[in-house]
Amino acid sequence: ITVRDTVAPVVTCPAPITVECGAPIPAANPSSVLAVDACDPTPVVTHVGDVSNGLLCPRTITRTYRATDACGNAATCTQLITVRDTTAPVQVGTLADQLVQCDAQVPPPLAPSMADACDTNLTFTVQTLTQLPCGRMDSR
């Protein structure tokens, strides 16, 4: 009688997760994978690798695990990790207010120093105030 196991384990990955940008990506954890095999009570689960979609927002990482039984039959599963940026950039330091007497004394606009956990290529919009008669300000 020859017993030949040709059926791969049934493997179930952890549920998809979402993490905030800047937070650490959870480490791969083969023990979080459920692997069941008809012939091998303890199939070996390994982390195959992570593949990123290469985008900044949202970034997705597909984490792959493989379960292999004693006869070399293997099956894989994937876990999706989504990295979202829901936190606005913050200003680092402050720009000093300035009071000038004439339009010609108005300095050119300066971009504030900003920081963001995910994006290092920030864009700025500068709001210019124009003085109206009697010292009122007009926002444009």
Side-chain angles (χ1 to χ4, degrees):
I1 298 173
T2 301
V3 177
R4 181 173 291 145
D5 178 7
T6 60
V7 178
V10 175
V11 59
T12 305
C13 271
I17 60 170
T18 300
V19 297
E20 178 65 23
C21 185
I25 304 297
N29 182 6
S31 66
S32 67
V33 176
L34 176 62
V36 179
D37 188 77
C39 296
D40 182 354
T42 57
V44 175
V45 177
T46 57
H47 172 234
V48 176
D50 293 348
V51 176
S52 173
N53 67 351
L55 299 176
L56 190 58
C57 189
R59 187 172 116 205
T60 58
I61 299 167
T62 303
R63 178 166 286 164
T64 303
Y65 292 96
R66 177 181 295 119
T68 306
D69 67 17
C71 292
N73 302 306
T76 61
C77 68
T78 59
Q79 177 188 28
L80 184 65
I81 302 168
T82 303
V83 181
R84 294 213 182 273
D85 182 5
T86 60
T87 304
V90 294
Q91 184 172 336
V92 178
T94 58
L95 298 176
D97 289 339
Q98 295 183 14
L99 177 63
V100 296
Q101 297 296 316
C102 303
D103 287 345
Q105 295 174 331
V106 174
L110 299 173
S113 179
M114 303 292 285
D116 188 75
C118 294
D119 193 356
T120 57
N121 187 24
L122 301 174
T123 57
F124 303 94
T125 301
V126 177
Q127 181 181 23
T128 304
L129 299 176
T130 304
Q131 184 168 348
L132 297 176
C134 300
R136 295 184 316 225
M137 301 301 276
D138 176 29
S139 174
R140 296 185 189 186

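Numbering starts at 1 and runs along the sequence shown.
- Counted within 6.0 Å of CZ on Arg63, heavy atoms from surrounding residues, nucleotides or ligands total more than 12; the atom is thus considered enclosed.
- Nearest approach of Pro58 to Thr82, heavy atoms of both residues: CB-CG2, 4.2 Å.
- Checking side-chain atoms of Ser52 against main-chain N and O of Gly54 turns up a donor-acceptor pair under 3.5 Å.
- To the nearest 0.5 angstrom, Asp40 atom CG is 5.5 Å from Asp69 atom CG.
- With hydrogens and angles disregarded, a donor-acceptor distance shorter than 3.5 Å links the side chain of Tyr65 to the backbone of Asn29.
- Between Gln79 and Ile17, the closest side-chain pair of non-hydrogen atoms falls below 4.5 Å.
- Remark: the backbone N or O of Cys21 is not paired with any side-chain donor or acceptor of Asp85 at under 3.5 angstrom.
- Note that CD1 of Ile25 is 6.0 Å distant from CD1 of Ile81, once rounded to the nearest 0.5 Å.
- Put simply, Val48 and Val45 are part of two different groups of oily side chains (I, L, V, M, F, W, Y) that touch within less than 4.5 Å, one to the next.
- Taken from OG1 in Thr64 to CG in Asp50, the straight-line distance is 7.5 Å, to the nearest 0.5 Å.
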Tabulate below the donor-acceptor pairs under 3.5 Å that side-chain atoms of residues 5-14 make, not counting sequence neighbours, or state none.
{"unit_1": "Asp5", "atom_1": "OD1", "unit_2": "Val7", "atom_2": "N", "d": "3.1"}
{"unit_1": "Asp5", "atom_1": "OD1", "unit_2": "Asn73", "atom_2": "ND2", "d": "3.4"}

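- To the nearest 0.5 Å, atoms CG (Asn53) and OG1 (Thr62) are separated by 8.0 Å.
- Counting heavy atoms from C-beta on, the side chains of Val44 and Thr42 never come closer than 4.5 Å.
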